[in-house]
2 protein chains.
Amino acid sequence: MRINMADWEEYFSKQTPPANLEETRNAVSEFAASHRNAGRNIVLITSGGTAVPLENNTVRFIDNFSSGTRGSASAEHFLQQGYAVVFLYRQHSLQPFMRQISPEAILDIMDFKEDREGASHIQVDENRAPNLREVLKRYQEVQVMGTLLLVEFNTLSDYLFLLRTMAEVLGTMGPQIMFYLAAAVSDFYIPSDSMAEHKISSEGPLELNMQQVPKMLSPLVKLWARNAFVVSFKLETDVNIISKKAREALTKYNHQVVVSNILQTRKKTVVIVTPSQEMAIWMPDNELDLGKEIEAKIVVELIKMHQQFIGSSTIIMQGISPAK
Amino acid sequence: MRINMADWEEYFSKQTPPANLEETRNAVSEFAASHRNAGRNIVLITSGGTAVPLENNTVRFIDNFSSGTRGSASAEHFLQQGYAVVFLYRQHSLQPFMRQISPEAILDIMDFKEDREGASHIQVDENRAPNLREVLKRYQEVQVMGTLLLVEFNTLSDYLFLLRTMAEVLGTMGPQIMFYLAAAVSDFYIPSDSMAEHKISSEGPLELNMQQVPKMLSPLVKLWARNAFVVSFKLETDVNIISKKAREALTKYNHQVVVSNILQTRKKTVVIVTPSQEMAIWMPDNELDLGKEIEAKIVVELIKMHQQFIGSSTIIMQGISPAK
């Protein structure tokens, strides 16, 4: 008999679920079932920062620096490798494919063109958007295949509810599911009941007392998605502690991989840490100059590890299956 | 003789100016001079929220809820009324014209089309973007006229340095300059010298002690831009205090207009408060249904007030000019 609620249960009990929770459960369930039937592996990618409100009628919030580059780029590379992708992303952060077009320049690449019949069309000047043809082609292929499901969040609490629900759905589907937890999730929050009702007055200094957010990786690995392949991310600013922190996380949560990176160098190098190895991925300048992305390499390495994981999981499952 | 620095002088003395400050000073100076020569009035619009770093190597920051809707919509309406617009906006917040295209849907409105010679072009499907033709036309006109200058900021400190510099430049140009301060500027910050150097550890509760940001409206009105027409904005969540707060601000800073609004109803109604009147602007549902924007009405009212202000300023200036 359990007397005390776990910290994460207590967290959920005090927050209001987002309006799109049940709709999302159904959408993810349908999406995942159809792609598993087609023999596809599935990755849930989380991406972008989480907003942590400081007031109930929110004017101010705490955010994490994250434009969603890692997550949105990785999604494209997983799709190219044949995965179906559930993309859980912060509102207005970068999306797969769309990320390749700067919203600031969108009108600059368009112009009016008359066709032979004298009808006017709005046409893209491809000299000013040299990658667009390729991006649009890949985007349209993915639309036809139906291999990308987008789900949006804004606040920390919405993110955590959606993550739990998705993990519960995907967690029943075995080792072919990967979690790629690239979102920059806040470590701190202000519980609703100790939050200001209206906008905090701007007079005088402000003291904020924030509580620690429960580590959801723990129930995710132990309860919600026990058979899945789980990759978490660590962003640090001090290179001297990243290996140690990654290793500590693997020991604590007992999942498969930590991808460690440093804020200032994250497009140039990352370290993939597993219980048995540490592998640095490095982008030479000439590859970066050609517009290549480190996410392509990260995804390829992780897919290799995922294949091995699926192989060994299957053997274990065969081992415990009843003899014929 | 002044012994003590004013609070705003002290703030600037402890912060590092943004890299684009001098470049911006020159660009604004040139832009403003050429449009004043052409007889155009000029408005400086500030837009979007300000990021307040919690760490020197920034992973976390405090932000204000603001997508830049008010500022970017207002910019378009000022341009339509013949003003030249300096648009000081938060990185990735909405921009005039661009705001009308959802970056999330940008690839959905494009498709490949072959012309009669068999050459393939990327064309916009205008059925899916019914306003785009009109928006692109107006955007291109503004590009030809050169009446819009965009300047980007990210942090609170960058914003304040840029605002001061712009105000110093525009402040010499008399009553034909309007300041339309729609940005959602943080009231609190953590001074650099008491900020964490690296990412704050995620262990344990977090106590943040924040200082009040000096009110820059005060030196702006009294020193930097003494002859300009200054409009500030107040966003509250409690309707009972908005008139009172607006009036207090006018008394304290001695500027011309406060536009007051409530977070939840800001697209439906605002109150324009001056020393002599309070005027509610209200959008009937049928106008909202037609896609009309409250910013069009706000801008028209403010331009009327600005005309009166220019008229009375000129009379005073004539009154004190030496007799012939």
Side-chain angles (χ1 to χ4, degrees), chain A residues 51 54-55 57-65 67 92 95 97-98 101 103-107 110-113 115-116 120-124 126 129 132-133 135-137 139-140 150 184 186-188 197-200 202-213 235-238 263-264, chain B residues 51 54-55 57-65 67 92 95 97-98 101 103-107 110-113 115-116 120-124 126 129 132-133 135-137 139-140 150 184 186-188 197-200 202-213 235-238 263-264:
Chain A
L54 302 184
E55 298 138 329
N57 282 295
T58 304
V59 174
R60 300 188 180 93
F61 57 95
I62 291 192
D63 207 338
N64 281 53
F65 170 86
S67 56
H92 303 315
Q95 285 184 24
F97 306 108
M98 314 289 175
I101 307 169
E104 276 85 11
I106 189 65
L107 291 174
M110 294 181 181
D111 209 351
F112 296 104
K113 284 275 181 242
D115 65 20
R116 289 212 171 178
S120 161
H121 302 284
I122 299 174
Q123 196 169 295
V124 172
E126 292 186 57
L132 184 57
R133 175 164 290 267
V135 170
L136 182 58
K137 228 176 89 194
Y139 176 72
Q140 291 186 342
L150 300 172
S186 178
D187 296 306
F188 304 103
E197 181 62 21
H198 285 294
K199 188 181 171 191
I200 297 164
S202 63
E203 299 305 317
L206 175 67
E207 193 189 301
L208 290 176
N209 290 298
M210 307 194 71
Q211 296 299 309
Q212 201 176 342
V213 177
L235 178 66
E236 299 290 344
T237 60
D238 181 355
L263 181 61
Q264 293 81 354
Chain B
L54 302 184
E55 296 136 330
N57 282 295
T58 305
V59 175
R60 300 189 181 90
F61 57 94
I62 292 192
D63 209 338
N64 280 54
F65 171 86
S67 56
H92 304 314
Q95 286 183 25
F97 306 108
M98 314 291 175
I101 306 170
E104 276 84 11
I106 188 65
L107 291 174
M110 292 181 183
D111 209 350
F112 296 104
K113 283 276 178 243
D115 64 22
R116 291 213 169 176
S120 161
H121 301 284
I122 299 175
Q123 197 169 294
V124 172
E126 292 185 57
L132 186 57
R133 175 164 291 266
V135 170
L136 182 58
K137 228 176 88 194
Y139 176 71
Q140 291 187 340
L150 300 171
S186 177
D187 295 307
F188 303 103
E197 181 60 22
H198 286 295
K199 189 181 170 190
I200 297 163
S202 62
E203 299 305 318
L206 175 67
E207 193 189 303
L208 289 176
N209 289 298
M210 307 194 71
Q211 296 300 310
Q212 202 177 342
V213 178
L235 179 65
E236 300 291 343
T237 60
D238 181 355
L263 182 62
Q264 292 81 355

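Proteins come first, then strands; the chains are lettered A, B, ... in the order of their sequence lines, and each starts at number 1. Side-chain atoms are counted along with the backbone in the values below, which use heavy atoms only and exclude waters and symmetry mates. These numbers were taken from a predicted model, which means no experiment stands behind them.
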*Asks:* Please state whether the side chain, the backbone, both or neither of A:S67 comes within less than 4.5 Å of a heavy atom of chain B.
*Replies:*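 Neither part, no heavy atoms under 4.5 Å.
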*Asks:* By side chain to side chain donor-acceptor pair (under 3.5 Å), which residues pair with A:H92, not counting sequence neighbours?
*Replies:*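 Counting only residues at least two positions away or on another chain, A:H92 forms no side chain to side chain donor-acceptor pair (under 3.5 Å).
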*Asks:* What is the minimum heavy-atom distance between A:L107 and B:F97, and which atoms define it?
*Replies:*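 Minimum heavy-atom separation between A:L107 and B:F97: CD1-CB, 3.5 Å.
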*Asks:* Heavy-atom cut-off 4.5 Å, strictly under: side chain, backbone, both or neither for A:L132 against chain B?
*Replies:*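 For A:L132, the contact with chain B is made by backbone and side chain together.
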*Asks:* Taking atom CZ of B:R133 and atom CE of A:M110, what is their separation to the nearest 0.5 Å?
*Replies:*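 That separation rounds to 12.0 Å.
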*Asks:* Based on non-hydrogen pairs under 4.5 Å, which of A:I122, A:L150, A:I62 is most in contact with chain B?
*Replies:*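 Result: the option with the highest number of such pairs is A:I122.
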*Asks:* Looking only at heavy atoms and a cut-off of under 4.5 Å, which of A:Q95, A:K113, A:H121, A:K137 has the most pairs with chain B?
*Replies:*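 Greatest number of close heavy-atom pairs with chain B: A:H121.
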*Asks:* Quick one: what part of A:I101 sits under 4.5 Å from any heavy atom of chain B, side chain, backbone, both or neither?
*Replies:*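 Interface part for A:I101: side chain.
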*Asks:* Strictly below 4.0 Å, N to O, side chains only: are B:R116 and A:D115 in salt-bridge contact?
*Replies:*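 Salt bridge absent between B:R116 and A:D115.
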*Asks:* Given a strict heavy-atom distance threshold of 4.5 Å, which part of B:Y139 is in contact with chain A: side chain, backbone, both, or neither?
*Replies:*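 For B:Y139, side-chain heavy atoms alone lie under 4.5 Å from chain A.
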*Asks:* Atom CG of A:L208 and atom CD of B:E207: how far apart are they, to the nearest 0.5 Å?
*Replies:*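 Reported value, rounded in 0.5 Å steps: 9.5 Å.
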*Asks:* Check whether A:E126 gets within reach of chain B through its side chain, its backbone, both or neither, counting any heavy atom under 4.5 Å.
*Replies:*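 Only the side chain of A:E126 comes within 4.5 Å of chain B.
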*Asks:* What residue in A:D111, A:V213, A:V135 has the most heavy-atom pairs under 4.5 Å with chain B?
*Replies:*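 Sorted descending by pairs with chain B, the first entry is A:D111.
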*Asks:* With sequence neighbours left out, write down each residue that passes salt bridge (charged side-chain N to carboxylate O under 4.0 Å, His left out) with B:E104, or none if nothing qualifies.
*Replies:*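 Residues passing salt bridge (charged side-chain N to carboxylate O under 4.0 Å, His left out) with B:E104: none at all.
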